[in-house]
Colleague: 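So that we are looking at the same thing, I have put the structure below in structure tokens.
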Amino acid sequence: MSIEDELFERRLERAREMGSAGLRPYGRRFDFTHEIPEAIAQFSSKDATELTPDGPRVKVSGRVMTIRRMGKAAFAHLAGGGGRIQIYVRKDAVSVEDYDLFEKLDLGDVIGVEGYVFRTRTGELSIHAEKLTFLSKILLALPEKWHGLEDVETRYRQRYLDLIANPDVRGIFITRARLIKSLRRQLEERGFIEVETPMMQPLFGGAAAKPFVTHHNALDIDLYLRIAPELYLKRLIVGGLDRVYEINRNFRNEGLGWKYNPEFTMLEFYQAYTDYLGMMDLTEKLLATAAEDATGSTLITWGDRVLDFSKWRRLSMRDAVIEYWEGDDKPSANDVRDPDWLLRHGGKATAGESLGHLFETLAEPKLMEPTFIYDYPVEVSPLSMKKPDDPGMTERFEIYVAGMEIGNAYTELNDPQEQRRRFDMQLAMRAGGNEEAHAMDEDYLRALCYGMPPTGGEGIGIDRLTMLFTGTRTIRDVILFPQLRPEGEIGIAARLRDSDKPK
RNA sequence: GGGCGCGUAGCUCAAUUGGCAGAGCAAGAGACUCUUAAUCUCUAGGUUGAAGGUUCGAUUCCCUCCGCGCUCACCA
């Protein structure tokens with residue numbers, strides 16, 4: 001029998017003994033008076049003379065993280081609510097039953113403690129225990145207390161363990177939640193309403209990507225997991241919901257990488273009667289405020305740089321290609337407008353796609369400071385309105401920070417005849433081998449035929465923004481359960497089954 | 001999918017040129033009523049990711065497979 005099996009058996013046995021002694025190894029409700037961080041905050045300014053046996057009393061609950069036993073007394077640390085507090089248990093200060101219980105505690109058990117607050121000789125705020133309540137039994141061994149859990153695979157597969165063993169992880173997901181909350185609040189304040197549109201779609205669209213396919217049995221139809229909510233949200237604009245937003249998952253059937261996960265969270269918002277410049281102005285405010293709400297500052301540390309979310313640069317795609325060109329043959333303003341030059345240097349099927357490709361390879365990795373890149377070629381922007389004075393280009397921008405694309409926005413194309421031509425262009429590109437070109441969406445065209453007001457629309461990648469706000473270098477660290485290959489047999493059910501058999 | 005790398009006790013890590021698989025934490029027994037990586041004494045714990053091969057002998061070398069990481073291509 002391995003050490004782990006022995007441990008498991010022994011702890012199960014302890015849980016059984018506890019049960020037969022009238023205690024609950026898996027407890028019920030525990031009405032605490034303070035969350036641990038709350039207790040620390042409340043008493044941290046009090047000195048030893050103010051914290052006496054007749055002084056403030058608390059009831060807290062948490063997971064036992066350390067125990068230091070010294071014969072007839074012991075110290076332990078309890079973790080909960082994102083904080084940690086020390087408890088002191090003396091044999092002569094608790095009941096005989098409670099001391100027995102305490103002696104049988106394992107690292108990782110969940111307990112409740114009631115007692116008075118005091119300071120130890122070294123000054124640490126602690127709880128002098130007078131009553132203990134057992135709340136939940138640990139059966140498996142906790143990771144090492146000093147190094148925590150380092151194994152990346154285990155951290156992702158067993159995020160609960162990661163959260164127990166590595167306190168910083170909790171902070172990342174709290175920042176993520178604050179970010180989302182801030183964006184919601186700001187949009188609500190501006191009159192946007194939150195909506196939910198289909199994630200299972202008979203046609204996929206709104207982005208250039210390959211979808212996941214699923215099947216509905218009763219209808220006997222294949223459905224696609226959405227790659228974007230865009231076309232549904234704009235149907236709502238047609239319907240008179242002038243400001244809408246949605247925060248939810250998109251699914252794209254592509255490779256994984258440091259900034260790609262097959263499901264990711266996107267905020268999309270649409271505002272009638274504005275355009276891409278309006279969205280740019282709005283974005284500056286949204287993201288500066290979000291940075292402040294999520295992290296406390298508009299200044300974000302990224303590696304050895306500090307990125308200022310209150311200062312934005314605006315640069316056209318063509319100018320970006322010129323500025324970030326590598327080598328001596330730097331192109332001129334005319335070169336980056338010349339289809340022949342673009343096709344020669346970009347190597348794609350069309351001049352527009354070539355410009356896009358040049359931009360992505362040359363400029364994107366170097367765009368560190370918050371930057372708007374504007375004016376996108378029409379070939380890669382099938383849903384954006386053309387620029388009146390430059391019909392090869394559309395009124396579109398993307399948000400770049402730290403070499404990552406964070407968002408995408410444009411003046412929405414609302415002319416159904418032009419939209420039909422764009423769809424036809426996409427169909428031709430699809431026929432030419434581009435698997436990610438748009439399909440024809442007739443209902444969307446029909447909606448446009450009822451008249452969509454001029455509209456600005458935008459999508460912001462929440463996962464990537466969270467990476468920036470938490471200084472995290474991989475998207476898997478900001479997604480609680482990132483996609484992994486299945487693990488295979490774990491064997492815990494069999495272990496529990498075995499120990500359940502009468503001996 | 002291609003290339004490179006990694007996989008050793010529950011956790012964090014060692015193991016010389018191919019020569020008896022080790023430590024710390026965690027665990028078990030004992031001592032200890034202000035410790036905090038508590039300390040001290042003792043004990044137990046391994047299918048070295050899996051299967052095969054070379055060899056007197058494989059954690060080490062070779063092959064296949066599994067999982068993970070990095071990277072390239074595609075993608076936000």
Side-chain angles (χ1 to χ4, degrees), chain A residues 1-11 48 65-77 84-94 99 106-108 118-126 128 138-158 161-162 164-166 206-211 227-228 250-268 356-357 360-361 364 380 398-400 404-409 434-436 459-465 467 473-476 482 484-489:
Chain A
M1 193 191 263
S2 76
I3 185 74
E4 201 196 359
D5 287 334
E6 272 177 50
L7 190 82
F8 195 81
E9 273 305 319
R10 188 156 45 227
R11 289 179 176 180
M65 300 307 286
T66 62
I67 305 179
R68 292 173 293 283
R69 300 179 201 272
M70 292 159 300
K72 299 185 184 65
F75 287 94
H77 272 105
R84 227 171 232 246
I85 196 162
Q86 182 169 259
I87 64 168
Y88 180 47
V89 183
R90 289 171 59 125
K91 192 167 188 178
D92 57 12
V94 297
Y99 202 75
D106 290 303
L107 289 183
F118 77 113
R119 279 194 188 278
T120 62
R121 207 164 281 166
T122 53
E124 180 168 349
L125 195 71
S126 306
H128 201 289
I138 188 170
L139 299 177
L140 293 164
L142 235 37
E144 211 225 15
K145 63 184 172 188
W146 191 242
H147 297 93
L149 180 64
E150 304 272 348
D151 185 77
V152 180
E153 185 178 349
T154 310
R155 288 189 46 229
Y156 296 153
R157 285 199 196 282
Q158 296 177 258
L161 253 196
D162 193 25
I164 291 169
N166 301 320
K210 287 174 219 146
I227 57 173
N250 290 343
F251 307 88
R252 300 190 184 172
N253 207 339
E254 303 289 351
L256 291 75
W258 69 277
K259 50 181 174 177
Y260 301 95
N261 193 65
E263 57 178 305
F264 63 99
T265 300
M266 180 100 121
L267 161 67
E268 285 206 13
H357 183 250
E360 278 169 21
T361 50
E364 176 170 347
V380 296
E398 289 191 340
I399 306 162
Y400 285 90
M404 280 192 284
E405 184 191 335
I406 298 302
N408 178 23
N434 185 343
E435 280 182 72
E436 291 170 358
I460 293 178
I462 298 298
D463 312 272
R464 290 183 179 179
L465 205 50
M467 288 170 68
R473 310 308 288 220
T474 164
I475 199 165
R476 299 187 139 194
L484 297 176
R485 281 200 167 79
E487 178 179 14
E489 193 74 25

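Below, chain A is the first sequence line, B the second, and so on; all start at residue 1.
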Colleague: Determine the Euclidean distance between corresponding P atoms of B/C63 and B/G5; express it in Å to zero decimal places.
Modeller: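 After rounding to an integer number of Å, I get 11 Å for this pair.
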Colleague: For B/G18 and B/G67, measure between their C1' atoms and round to the nearest Å.
Modeller: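 Looking at atom C1' only, B/G18 and B/G67 are 27 Å apart.
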Colleague: Anything below 3.5 Å on both distances counts as a pair; with that, list the stems of at least three consecutive Watson-Crick or G-U pairs involving RNA chain B.
Modeller: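 Looking at RNA chain B, the stems formed by three or more consecutive pairs are B:1-7 with B:66-72, B:10-13 with B:22-25, B:27-31 with B:39-43.
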Colleague: Can you list the residues that meet the ring-ring contact (aromatic ring centres under 6.0 Å, His included) rule with A/Y260, with sequence neighbours excluded?
Modeller: none
Colleague: Identify whether any heavy atom of A/Q86 sits under 4.0 Å from a base atom; if not, whether one sits that close to sugar-phosphate; answer base, sugar-phosphate or nothing.
Modeller: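 It contacts base atoms.
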Colleague: Looking at every heavy atom in both A/R252 and A/M266, which two are closest together, and how far apart are they?
Modeller: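 Answer, listing the atom of A/R252 first, then A/M266: NH2-CE, 4.2 Å.
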Colleague: Who are the side chain to side chain donor-acceptor pair (under 3.5 Å) partners of A/E124, not counting sequence neighbours?
Modeller: A/H77
Colleague: For A/D151, which contact category applies under a 4.0 Å heavy-atom criterion: base, sugar-phosphate, or nothing?
Modeller: sugar-phosphate
Colleague: Ignoring hydrogens and geometry beyond distance, is the side chain of A/E124 in donor-acceptor contact with the base of B/U35 at under 3.5 Å?
Modeller: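 For A/E124, whose side chain was compared with the base of B/U35, there is no donor-acceptor pair (under 3.5 Å).
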Colleague: With P as the reference atom in both, quote the distance from B/G1 to B/A26 in angstrom, rounded to an integer.
Modeller: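 My reading of the P atoms in B/G1 and B/A26 gives 42 Å.
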Colleague: Suppose you measure atom P in B/A21 against the same atom in B/A37; what distance do you get, rounded to whole Å?
Modeller: 36 Å
Colleague: Considering residues at least two apart in sequence or located in another chain, which fulfil the side chain to side chain donor-acceptor pair (under 3.5 Å) criterion with A/E153?
Modeller: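 Partners of A/E153 by the side chain to side chain donor-acceptor pair (under 3.5 Å) criterion, ordered by chain and then number, come out as A/R157.
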Colleague: For A/T474 and for A/A208, find the nucleotide of RNA chain B with the closest heavy atom, then tell me which residue's nucleotide is more 5'.
Modeller: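 Of the two residues, A/T474 wins.
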Colleague: Sugar-phosphate means primed atoms, P, OP1 and OP2; the rest is base. With that split, encode nucleotides 21-29 of chain B 5' to 3' as B, S or - using protein heavy atoms under 4.0 Å.
Modeller: ---BBSSS-
Colleague: Classify the nucleic acid contact of A/F251 as base, sugar-phosphate or nothing, counting any heavy atom under 4.0 Å across all strands shown.
Modeller: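 The residue A/F251 makes no contact with any strand.
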Colleague: Counting distance only, does the side-chain N/O of A/D463 pair as donor-acceptor with the main-chain N or O of A/T265 below 3.5 Å?
Modeller: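 Checked: pair present.
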Colleague: What's A/F8 touching, base or sugar-phosphate or nothing? Going by heavy atoms closer than 4.0 Å.
Modeller: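 No contact.
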Colleague: In whole angstrom, give me the gap between the P atoms of B/U47 and B/U43.
Modeller: 22 Å
Colleague: Applying a 4.0 Å non-hydrogen cut-off, can you work out what A/G255 is touching in the nucleic acid: base, sugar-phosphate, or nothing?
Modeller: base
Colleague: Could I get the full list of side-chain contact (heavy atoms from CB on, under 4.5 Å) partners for A/A74, not counting sequence neighbours?
Modeller: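 With sequence neighbours excluded, A/A74 shows a side-chain contact (heavy atoms from CB on, under 4.5 Å) to A/R69, A/F102, given in chain and number order.
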Colleague: B/A38 C1' sits how many Å from A/M65 CE, rounded?
Modeller: 17 Å
Colleague: Rounding to the closest angstrom, what is the interatomic distance between B/C6 and B/G53 at atom P?
Modeller: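 The answer is 24 Å between these two P atoms.
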Colleague: So, OP1 or OP2 of B/C34: does either fall under 4.0 Å of a side-chain N or O from A/R121?
Modeller: no
Colleague: What pairs with A/H128 under ring-ring contact (aromatic ring centres under 6.0 Å, His included), at least two apart in sequence or on another chain?
Modeller: A/Y88, A/Y116, A/F118
Colleague: Could you check how far NZ of A/K91 sits from P of B/U35, rounded to whole Å?
Modeller: 20 Å
Colleague: For A/N261, which contact category applies under a 4.0 Å heavy-atom criterion: base, sugar-phosphate, or nothing?
Modeller: base
Colleague: In this structure, how many angstroms lie between the C1' atom of B/G45 and the CD atom of A/E6, rounded?
Modeller: 7 Å
Colleague: Both A/R69 and A/S126 contact RNA chain B. Which one's nearest nucleotide lies toward the 5' end?
Modeller: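 Here A/S126 is the residue nearer the 5' end.
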Colleague: A/L140: which residues meet the side-chain contact (heavy atoms from CB on, under 4.5 Å) condition with it, sequence neighbours left out?
Modeller: A/E4, A/F8, A/I492, A/R495
Colleague: The criterion is side-chain contact (heavy atoms from CB on, under 4.5 Å); which residues satisfy it with A/I164, sequence neighbours excluded?
Modeller: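 With neighbours one apart ignored, the set is A/R63, A/M65, A/L142.
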Colleague: Rounding to a whole Å, what distance do you find between A/M266:CE and B/C75:P?
Modeller: 15 Å
Colleague: Considering only heavy atoms and no angle criterion, is a donor-acceptor pair shorter than 3.5 Å present between the side chain of A/Y260 and the base of B/C75?
Modeller: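 Present.
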Colleague: Show the nearest heavy-atom pair for residues A/E268 and A/A228, with the distance to one decimal.
Modeller: OE2-CB, 3.9 Å
Colleague: Quick one: label A/G459 by what it contacts on the DNA or RNA (base, sugar-phosphate, nothing), any heavy atom closer than 4.0 Å.
Modeller: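 Nothing, no heavy atom under 4.0 Å.
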Colleague: Listing time: all N or O pairs from protein to nucleotides 41-43 of chain B that are below 3.5 Å?
Modeller:
none

Colleague: Pick the P atom in B/U33 and in B/G22, then give their distance to the nearest Å.
Modeller: 37 Å
Colleague: Would you kindly give the CZ-to-P distance between A/F118 and B/U35, to the nearest whole Å?
Modeller: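 After rounding, the gap between these two atoms is 11 Å.
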Colleague: Sequence neighbours excluded, which residues qualify as side-chain contact (heavy atoms from CB on, under 4.5 Å) partners of A/K210?
Modeller: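 side-chain contact (heavy atoms from CB on, under 4.5 Å) check on A/K210 returns A/N253, A/E254, A/E435, A/E436.
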Colleague: Mind listing the closest non-hydrogen atom pair of A/L149 and A/N166 along with its distance?
Modeller: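 A/L149 and A/N166 have their closest heavy atoms at O-ND2, 3.0 Å.
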Colleague: With no hydrogens and no angle check, is any side-chain donor or acceptor of A/Q158 less than 3.5 Å from a backbone partner on A/L161?
Modeller: no
Colleague: Taking CD1 from A/I138 and C1' from B/G10, how many angstroms apart are they, rounded to a whole number?
Modeller: 10 Å
Colleague: Taking the same atom, P, in B/G7 and in B/G45, what whole-Å distance lies between them?
Modeller: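 Nearest-Å result for B/G7 against B/G45 at atom P: 25 Å.
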Colleague: Could you state the interatomic distance from CG (A/L107) to CD1 (A/I67), rounded to the nearest 0.5 Å?
Modeller: 5.0 Å
Colleague: Mind calculating the distance between CG (A/L256) and P (B/C70) to the nearest angstrom?
Modeller: 10 Å
Colleague: Rounded to the nearest 0.5 Å, how far does CE of A/M70 lie from CZ of A/R90?
Modeller: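 Taking CZ in A/R90 and CE in A/M70, the distance rounds to 10.0 Å.
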Colleague: Indicate, with a heavy-atom threshold strictly under 4.0 Å, whether A/K259 touches base, sugar-phosphate, or nothing.
Modeller: base
Colleague: Considering all heavy atoms of both residues, which atom of A/L256 and which atom of A/P262 are nearest to each other, and what is their separation?
Modeller: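 Reported closest heavy-atom pair: CG-CD, 3.9 Å.
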Colleague: Let's see if you can work this out: which of B/U12, B/C74, B/U71 has an atom nearest to the side-chain heavy atoms of A/L149?
Modeller: B/U12
Colleague: Nearest to the side chain of A/A73 - B/C34, B/C75, B/U33?
Modeller: B/U33
Colleague: Hey, what are the protein-to-nucleotides 65-67 of chain B N/O distances that come in under 3.5 Å?
Modeller:
residue	atom	partner	partner atom	Å
B/G67	O3'	A/R157	NH2	3.0
B/G67	O2'	A/E153	OE1	3.1
B/G67	O2'	A/E153	OE2	2.4

Colleague: Measure across A/I227 and A/F251 and return the closest heavy-atom pair with its distance rounded to 0.1 Å.
Modeller: CG2-O, 3.3 Å
Colleague: When the distance from CG of A/N166 to C1' of B/U12 is rounded to whole Å, what number comes out?
Modeller: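 Interatomic distance, CG of A/N166 to C1' of B/U12: 12 Å.
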